[in-house]
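Treat the numbers as computed from the prediction; the structure is a model and nothing was measured.
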Amino acid sequence: MAQNLHRSPLRIMMMTILAAALAAWVLYGKPLTLGGAFWLAGFVVMFAIRIPHHSRNQANVATTDAHDLSERLLLTAMWLASMILPMVTLATPWLDVAAYELPPVAVWVGGALLVPYLWLFWRSHADLGRNWSPGLEIREGHGLVTAGVYGGIRNPMYAAIWLGALAQPLLIWNWIGGFLVIPAFAAMWFVRVPREEAMMRQAFGAEWDAYASRTGRLLPRLLPRIGA
């Protein structure tokens, strides 16, 4: 397991991004803002949560795979908007033309949002276990998880990422490196989640329908679905 973590593509990607950012900071000498420091801390913790699950679940055998062009485009857009562009904004002056100003309290609000974001991100990975994958797929032996944070909402990992996406423009005051993550993730939410739930319905049938009738997609359902 330790060897797998060492060779994990996700770990290599994180280290590459951080190394490139460090080189840019040395080159340009751009000071790190408090919001940028909060964002960087959240970035590192997020990868620390995901890397062990990604490394372990690489051994999964997919029985249904929907990695099509739209899926790749959505993932690429999120990768750029949530990782690369924020790092470019923090480390270089290239995107300074798109900067904006907010009241100083915005940074503290953004920093506070990182706490439930990272907790829910960790908990949803832990509850999914071997059933998690970074793409749209059903694995061999896939089970329907309805316990833990999945007991009230069907997509707690997406709920976590929404919190992270809302925090980013409060921490990084830039239309490209900060705010752009919101439309990027909104596109993923509105395009990807219905497809993902359709895959789950096809795989689990009535069990999924019963689960969906008592849970909300993003927030807990206050009333049961009529006729469910």
Side-chain angles (χ1 to χ4, degrees), residues 10 46-47 49-79 81-82 113-168 181-228:
L10 204 60
M46 180 273 292
F47 267 98
I49 292 168
R50 176 155 280 187
I51 285 172
H53 296 276
H54 185 272
S55 300
R56 180 192 61 197
N57 293 1
Q58 282 182 303
N60 286 352
V61 177
T63 57
T64 303
D65 191 331
H67 287 86
D68 58 10
L69 178 60
S70 65
E71 170 76 355
R72 293 186 181 93
L73 289 174
L74 289 170
L75 289 173
T76 299
M78 269 302 291
W79 179 69
S82 65
L113 284 174
L114 293 179
V115 176
Y117 155 53
L118 293 169
W119 179 84
L120 192 53
F121 193 73
W122 162 73
R123 190 65 256 175
S124 54
H125 276 82
D127 288 343
L128 273 182
R130 292 299 296 265
N131 295 304
W132 175 78
S133 71
L136 287 180
E137 62 184 43
I138 301 292
R139 74 176 183 92
E140 192 175 82
H142 203 111
L144 179 60
V145 178
T146 62
V149 290
Y150 288 85
I153 54 177
R154 301 193 297 277
N155 299 286
M157 196 174 298
Y158 288 98
I161 297 171
W162 265 122
L163 291 171
L166 292 173
Q168 185 169 301
V181 72
I182 292 180
F185 187 61
M188 175 170 281
W189 171 256
F190 288 111
V191 174
R192 191 193 209 212
V193 171
R195 295 182 64 199
E196 186 171 320
E197 293 201 341
M199 288 176 61
M200 297 296 284
R201 179 172 289 107
Q202 184 176 12
F204 297 104
E207 186 183 2
W208 169 264
D209 289 334
Y211 171 63
S213 72
R214 64 178 185 268
T215 55
R217 178 174 278 182
L218 185 64
L219 299 171
R221 185 182 296 279
L222 298 179
L223 296 172
R225 184 178 298 170
I226 296 174

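- Contact record, A184 with A81: CB-CB, 3.8 Å, taken as the closest heavy-atom pair.
- With H125 as the partner, the ring pair (Phe, Tyr, Trp, His ring centres under 6.0 Å) test is satisfied by one option alone out of Y150, W132, F47: W132.
- Residues E207 and T146 have side chains not in contact (no heavy-atom distance under 4.5 Å, counting atoms from C-beta outward).
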Go through it in stages, so that I can follow the logic: the residues are H53 and L128, the test is side chain to side chain contact (heavy atoms under 4.5 Å, CB included), and I'd like the CA-CA distance, side-chain angles, deciding distance and then a yes or no.
CA-CA 10 Å; H53 296 276; L128 273 182; over 6 Å; no
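- Heavy atoms only, all atoms of each residue included: R217 and P194 are closest at NH1-CG, 4.1 Å.
- Side chains of E196 and Y158 form a contact here, defined as non-hydrogen atoms less than 4.5 Å apart.
- Heavy atoms only, all atoms of each residue included: A167 and L114 are closest at CB-CD2, 4.1 Å.
- Side-chain contact check for Y117 versus Q168: every heavy-atom pair is 4.5 Å or farther apart.
- One N or O on the side chain of R154 and one on the backbone of T215 form a donor-acceptor pair closer than 3.5 Å.
- No side-chain heavy atom of Q202 sits under 4.5 Å from any side-chain heavy atom of I138.
- The side-chain heavy atoms of V193 and M188, taken from C-beta on, include no pair separated by under 4.5 Å.
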Would F121 and L163 count as a side chain to side chain contact (heavy atoms under 4.5 Å, CB included) if you check the C-alpha gap in whole Å, the side-chain angles of each, and the deciding distance to 0.1 Å?
CA-CA 10 Å; F121 193 73; L163 291 171; over 6 Å; no
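- Between R192 and L75, the shortest heavy-atom distance links the atoms NH2-CD2, 4.0 Å.
- Between the CZ atom in F185 and the CG atom in L166 there is a gap of 9.5 Å [rounded to 0.5 Å].
- Separating the OG atom in S124 from the CD1 atom in I161 is a distance of 8.0 Å, to the nearest 0.5 Å.
- A 4.5 Å side-chain heavy-atom check between L120 and M157 finds every atom pair outside the cut-off.
- Taking CD from E71 and OG1 from T76, the interatomic distance works out to 9.5 Å, rounded to the nearest 0.5 Å.
- Rounded to the nearest 0.5 Å, atoms CZ (R195) and CG (D68) are 4.0 Å apart.
- For the residue pair V149 and R123, the shortest heavy atom distance occurs at CG1-CG, 3.4 Å.
- Across all non-hydrogen atoms, the minimal contact from G141 to N131 is O-OD1, 4.4 Å.
- Contact check for N155 versus L218: no side-chain heavy atoms found under the 4.5 Å cut-off.
- At a threshold of 4.5 Å between non-hydrogen side-chain atoms, the residues F204 and Y211 do not count as touching.
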